[in-house]
Amino acid sequence: MQSHGEGRLPVENRAGKSDMVIPRETVDLLIAEHKKRPDSPYLFMSPITGDMFHPDAIGRVHKKLLDQAGIGHAVRFHDLRHTFAIPALQNGVDVKTLSGILGHYSAGFTLDTYTHATTKMQMEAADKVGGFMVQSMYHRAVQKSRNH
């Protein structure tokens with residue numbers, strides 16, 4: 001497993017091949033994990049079979065983790081993407097960058113998917129601009145009163 005530059009890993013999905021940008025620390029952890037079994041084509045192998053995990057195994061592990069956390073089964077595995085995406089948007093990650101991270105085919109799709117989050121962000125932005133406008137008008141009024 002080779003890193004393609006700082007914090008980049010080659011990935012392939014339905015959209016084709018690309019590089020996934022991830023934190024350097026994560027790349028280092030993945031490389032260390034691969035070094036444990038350098039001849040294996042799989043990064044994470046089933047401890048039972050030594051082969052790749054069966055796709056259903058991830059769902060079973062997810063349910064066990066939810067049970068251990070006392071959350072129940074209301075949170076689907078796919079919901080973890082949303083748990084990442086919404087705070088990313090709310091903390092200033094631009095839509096185009098987030099779209100690439102999530103592997104969406106366009107920033108428009110990302111915006112459509114997370115409209116509820118972007119609506120909240122628009123309201124917060126409007127409040128900030130409104131606050132700035134009120135403050136600006138107040139200072140202007142103070143300046144005017146001092147000049148008269």
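Starting from 1, each residue takes its place in the sequence as its number.
Pairs passing the salt bridge (Lys or Arg N to Asp or Glu O under 4.0 Å) check and including a residue from residues 59-82, sequence neighbours excluded, read R76-D79. Residue pairs meeting the ring-ring contact (aromatic ring centres under 6.0 Å, His included) criterion with at least one member in residues 38-68, sequence neighbours excluded, are H62-F77.
The line from CG of L111 to NZ of K96 is 11.0 Å long, rounded to the nearest 0.5 Å. A distance of 12.0 Å separates CD of E33 from CD1 of I31, quoted to the nearest 0.5 Å. Here the OG-CG distance, from S106 to D112, works out to 7.5 Å after rounding to the nearest 0.5 Å.
Side-chain contact between L89 and V93 is absent, with no heavy atoms from C-beta onward closer than 4.5 Å. Proximity of L43 to R37: side-chain heavy atoms (C-beta onward) are nowhere separated by under 4.5 Å. Under the 4.5 Å side-chain criterion, counting only non-hydrogen atoms from C-beta, M52 is not in contact with M45. When side chains are defined from C-beta on, L102 counts as touching F84, because their heavy atoms get closer than 4.5 Å.
H82 and P87 make their closest contact through O-CD, 3.9 Å (heavy atoms, listed as atom of the first residue, atom of the second, distance). The shortest non-hydrogen separation linking A85 to L98 is O-CD2, 3.7 Å.
The aromatic rings of F109 and Y105 lie tilted to each other, with the angle between the two planes from 30° to 60°.
Transitive grouping of hydrophobic side chains (ILVMFWY, heavy atoms separated by less than 4.5 Å) keeps V61 and L80 in distinct clusters. If you chain together hydrophobic residues whose side chains sit under 4.5 Å apart, V75 and I86 never meet in one group.
A donor-acceptor pair is defined here as one N or O able to donate and one able to accept, closer than 3.5 Å; no such pair exists between the side chain of S99 and the backbone of T110.
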